[in-house]
Amino acid sequence: MHDFRSILFFSTLFTAVGLSGALAQEVPSAPVPAKVPPVRPATATTRPVAAVGNHVALKQRDGGETITVSAARRPVSVDDIGSSVTIVTEQQIQTQQRRGLADILERQPGLNVVQTGGFGGTTSIFMRGNNSNEVKVRLDGMDINDGSSTSGAFDAGQFVTDGMGRIEILRGPQSGLYGADAMAGVIDITTAQGQGRFAPFVRLEGGEYGTFNQVLGARGSKGRFHYNVALSHYRMDGFNNIPSYIERYYGADRQQRSEGNRNDNRSANIRLGYDVTRTFDLGLTARLIQSNYHSYSVYDLQSENLYGASGVREQNNKNEAIVRGTAHLVSFNGLFDQVIGLGYMTNRNRWTETGTSYGSPLNPDPSYYRSDRLKIDWHGTFDLKQYGQFLIGAEHFHDNFNTSHTASSMWDSGYNNSAGMDTTAGYGQYQGNWNRILYGAANIRYDANSRYGNHVTWRVAPAIHVPGTGTIIKASAGSGFHGPSLYQLFANQVGVGYSEKGNPNLKAEQLIGYDAGVEQKLLHERLKFGATWYDNRVRNLIQSSLSIDSSYNYNYSYENVAKARMYGVEAFLNWKARSDLEFNLSYTWTHARDETLHTELQQRPQHKFNFNTTWTPIRDLTFSGNILYTSGWRDLPVIGSETCSICAKGHGYVTIDIAANYKINRFVSVYAHADNLLNRQYEEPIGYLQPGRGGYGGFTLSY
């Protein structure tokens with residue numbers, strides 16, 4: 001608590017000092033024009049960029065130069081930083097008509113996305129072969145990994161893309177800036193900022209698998225105030241995710257073969273901002289999610305046909321809220337730029353399985369998983385002009401976790417577990433360049449956690465511009481760590497014949513990672529291509545363990561037992577052939593192995609290829625096409641009694657998607673897209689069929 005008060009005191013002091021300088025230069029009653037995103041850092045004579053956490057309103061600079069904020073926590077050209085960065089814009093999301101965040105991420109280099117049962121199902125994101133809970137995900141500066149889950153991983157299953165303005169994907173260890181869970185990398189999401197006149201819209205969409213989606217929203221600005229609000233309802237009903245060969249193996253009847261999943265998602269995405277003066281602005285963002293996901297999986301089929309159960313169904317109810325407020329101040333003629341933020345996140349998940357087993361109720365009472373996270377953070381950047389920039393920052397987190405289940409029979413004793421932890425961190429970074437040839441950034445961070453100890457992490461990321469050639473040589477090296485979840489530390493579930501207990505002595509997982517690559521620009525920067533080699537080594541990997549005592553009780557827990565190495569290549573080619581035609585290609589080769597057991601890691605395909613093209617033959621008509629190839633991978637068998645996590649092999653697959661958008665006039669736009677045109681029947685993970693060929697279409701009314 002002392003650390004928390006210290007952070008608050010110093011951040012308030014910095015803000016007060018800077019604000020006094022800003023108010024001395026400003027006339028509060030002076031009119032402020034509508035905000036236009038600048039393309040350079042703010043000064044006393046330049047409007048400040050609107051901050052949301054690390055983020056600012058950005059666009060490409062003249063000449064097509066792309067700006068990243070997440071790589072250095074301040075605006076910097078992607079060419080001037082050694083980190084591997086992929087940026088997905090709002091325009092790309094809309095052109096490709098990707099409604100779910102998982103659909104966008106699975107087509108990006110270095111990532112493999114696994115989702116059980118289509119839209120709404122549990123989703124895992126693997127980056128460069130690392131575990132899914134080693135990827136930190138942030139929304140508008142708030143860390144949103146799911147503290148209510150057993151592993152602490154982020155689940156993108158219920159995240160829709162409405163309102164998202166940018167997605168920045170940082171690959172490689174980023175704990176030097178972002179702390180725990182950024183061991184493999186960071187996915188940083190920014191809500192789009194409203195600008196210009198009041199612009200309301202309504203979008204309706206329907207299609208395969210009972211899809212019926214509605215979105216209502218508005219964005220714009222009025223004087224000092226700007227806003228972006230999107231309210232959405234997504235519905236999918238009737239998708240059967242059990243492969244036919246599994247249905248035949250277990251002798252599924254007609255009713256079981258017709259059982260389908262149903263998902264009902266309601267979301268609100270809000271970003272508000274107010275420019276108090278020309279150098280001081282306030283921001284508020286919120287994302288609210290309420291979803292009901294009903295599923296019938298291979299394990300439910302097994303229960304019915306092997307163990308005498310009937311009417312087995314699973315239902316997941318999710319309520320999630322992510323809220324963050326910020327104050328952003330530019331002081332001393334632009335020499336000091338700072339942000340203070342306060343964020344809160346809560347998850348309330350309810351899981352129920354219905355059905356009977358040998359005449360007795362099977363889990364008739366729900367299991368609850370709840371978590372809360374409070375975060376206060378501050379960071380400031382000193383602009384040293386030709387001598388570079390120096391960043392300092394501090395953060396404090398408080399996390400709570402609870403899981404409970406009411407006893408329902410002699411076989412079910414029930415449980416109620418609660419735990420909490422605090423993390424206080426400070427970090428610093430220097431960034432500069434020499435003669436516009438050698439660019440680089442170096443950072444260091446200290447995290448103090450009340451449960452798993454203290455950790456120091458670092459990162460260096462140089463980039464060399466070879467004069468007159470268009471060649472950029474990039475490299476980075478850094479350390480990362482991932483702390484055990486509160487569930488892994490303190491779970492305590494005891495029943496007849498089994499128990500699951502956490503291990504309070506778990507250590508944090510640790511990683512050292514390196515990468516190096518080269519990028520080339522040709523044809524006046526209309527053609528860009530490059531490749532990066534990466535190598536990550538992990539120790540203290542946390543894995544589940546099983547022991548059987550003398551009474552034949554199965555006792556589950558967690559241990560630091562494994563080492564792993566992940567290395568590979570990421571390559572890309574972007575070609576803007578004409579002003580109306582663009583091609584983008586990426587390839588990822590991943591080799592991921594457990595060096596303790598000398599086996600492949602689960603659900604890591606070795607090869608992944610993605611090709612996307614965008615064509616605008618006339619002004620208001622745009623076509624998009626996408627080809628995705630994923631090679632085979634190792635996985636858990638779902639037929640028989642085998643419990644080995646990699647003893648089955650998933651088959652590779654190819655999917656082809658197309659989309660078209662046509663703006664009839666300023667008020668009406670129509671669109672359509674077709675997914676999986678080859679109707680490829682593929683599973684990822686094994687046992688969970690992914691949607692086959694489907695057509696979708698709709699229209700947007702806007703003003």
Measure from the side-chain N and O atoms of Asn265 to the backbone N and O of Gln158, and report whether any donor-acceptor pair falls under 3.5 Å.
yes
Before you tell me yes or no, could you show the steps for Asp181 and Arg138 under salt bridge (charged side-chain N to carboxylate O under 4.0 Å, His left out), namely the whole-Å CA-CA distance, both residues' side-chain angles and the distance that decides it to 0.1 Å?
CA-CA 11 Å; Asp181 305 330; Arg138 292 160 44 92; over 6 Å; no
Please identify each residue that fulfils side-chain contact (heavy atoms from CB on, under 4.5 Å) with Asn402, with sequence neighbours left out.
Arg370, Ser404, Asn416, Ser418
Has the side chain of Asn560 got a donor or acceptor atom that lies under 3.5 Å from a matching backbone atom of Asn540?
yes
Judged by atom type as modelled, is there a donor-acceptor pair below 3.5 Å linking the side chain of Lys136 to the main-chain atoms of Ala180?
yes
Check: His482 side chain, Asn133 main-chain N or O, donor-acceptor pair, under 3.5 Å
yes
Verify the ring-centre separation between Tyr629 and Phe609: is it less than 6.0 angstrom?
no
Any donor-acceptor N/O pair, Ser485 side chain to Gln488 backbone, under 3.5 Å
yes
Assess, by modelled atom type and distance only, whether the side chains of Asn676 and Thr655 contain a donor and an acceptor separated by less than 3.5 Å.
no
Residue of the set Glu684, Arg680, Gln690 for which side chain to side chain donor-acceptor pair (under 3.5 Å) holds with Tyr653
Glu684
For residues 236-262, the ring-ring contact (aromatic ring centres under 6.0 Å, His included) pairs (sequence neighbours left out) are Tyr209-Phe239
Any donor and acceptor pair, going by atom type alone, linking the side chain of Asn261 with main-chain N or O of Tyr296 inside 3.5 Å?
yes
Pairing residues for Arg313 by the salt bridge (charged side-chain N to carboxylate O under 4.0 Å, His left out) criterion, not counting sequence neighbours:
Glu259, Glu304
Taking the ring centre of each residue, are Trp533 and Tyr514 less than 6.0 Å apart?
no
